[in-house]
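Reviewing the structure listed below.
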Amino acid sequence: MRRFFITLAAASILSGAAIAQETSTTGAIPPSFVAVKPDSMLSYNLVGLDVSNPGNETVGEIKDLVLDQGRLAGYIVSVGGFLGMGDHYVVVDPAAVRVSYNASDSKWHAMMNTTKEQLKAAPEFKYEGKWKR
């Protein structure tokens with residue numbers, strides 16, 4: 001009986017050490033879960049969305065999202081080009097783009113107070129290096 005308890009204690013100590021070692025080497029935190037709020041947006045609603053200006057002129061298209069430490073840091077907007085040829089990409093501050101959902105037409109809309117010319121004159125973003133497609 002005594003041998004059984006010693007074996008059980010040793011197994012408990014060793015398995016506890018193995019578990020502690022596993023969590024400390026991964027550096028991962030336990031998962032947490034969040035609820036999606038009714039006014040939240042999903043990335044697939046944004047990518048491919050045309051961006052219009054107050055004059056209802058289409059000035060670009062959201063092609064990608066820039067995430068920095070898990071937070072939205074920018075929209076990559078394509079301006080100019082035709083069928084993927086000659087596209088000029090710029091990164092726009094999300095605060096400069098008003099994205100809304102219109103329930104009457106069941107569509108997402110993006111509005112930005114700019115012109116195509118202003119976007120074309122903005123610093124270009126290139127998909128190269130670690131961002132190469």
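Note that this is a predicted model, so its numbers are computed, not measured.
- Annotation: side chain to side chain donor-acceptor pair (under 3.5 Å) contacts involving residues 27-54, sequence neighbours excluded, comprise Asn53-Glu57.
- The heavy-atom pair separating Asn113 from Gln118 by the smallest distance is O-OE1, 4.5 Å.
- Within 6.0 Å of atom CG in Leu42, more than 12 heavy atoms from other residues, nucleotides or ligands are found, so the atom counts as buried in its surroundings.
- The list of side chain to side chain donor-acceptor pair (under 3.5 Å) pairs with a residue in residues 59-74, not counting sequence neighbours, reads Asp64-Tyr127.
- Looking at residues two or more places apart in sequence or on another chain, you find no side-chain contact (heavy atoms from CB on, under 4.5 Å) involving Lys130.
- For the atom pair CG of Leu49 and CD1 of Ile62, the computed distance is 5.0 Å after rounding to the nearest 0.5 Å.
- Listed by chain and residue number, Leu65, Leu67, Tyr75, Pro94 satisfy the side-chain contact (heavy atoms from CB on, under 4.5 Å) test with Leu72 (two or more places apart in sequence, or in another chain).
- Looking only at distances, no side-chain donor or acceptor of His88 sits under 3.5 Å from a matching main-chain atom of Val79.
- Contact record, Val90 with Ala122: CG1-CB, 3.7 Å, taken as the closest heavy-atom pair.
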Residues 101-112 side chain polar contacts: donor-acceptor under 3.5 Å, at least two apart:
residue	atom	partner	partner atom	Å
Asn102	OD1	Ser104	N	2.9
Asn102	OD1	Ser104	OG	2.5
Asp105	OD1	Lys107	N	3.2
Asp105	OD2	His109	NE2	3.2

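- Summarising the geometry of Val91 relative to Gly74, their closest heavy-atom pair is CG1-CA, 4.1 Å, with the distance given to 0.1 Å.
- What you find for Val66 and Ile76 is that their closest heavy atoms are CG2-CG1, 3.7 Å.
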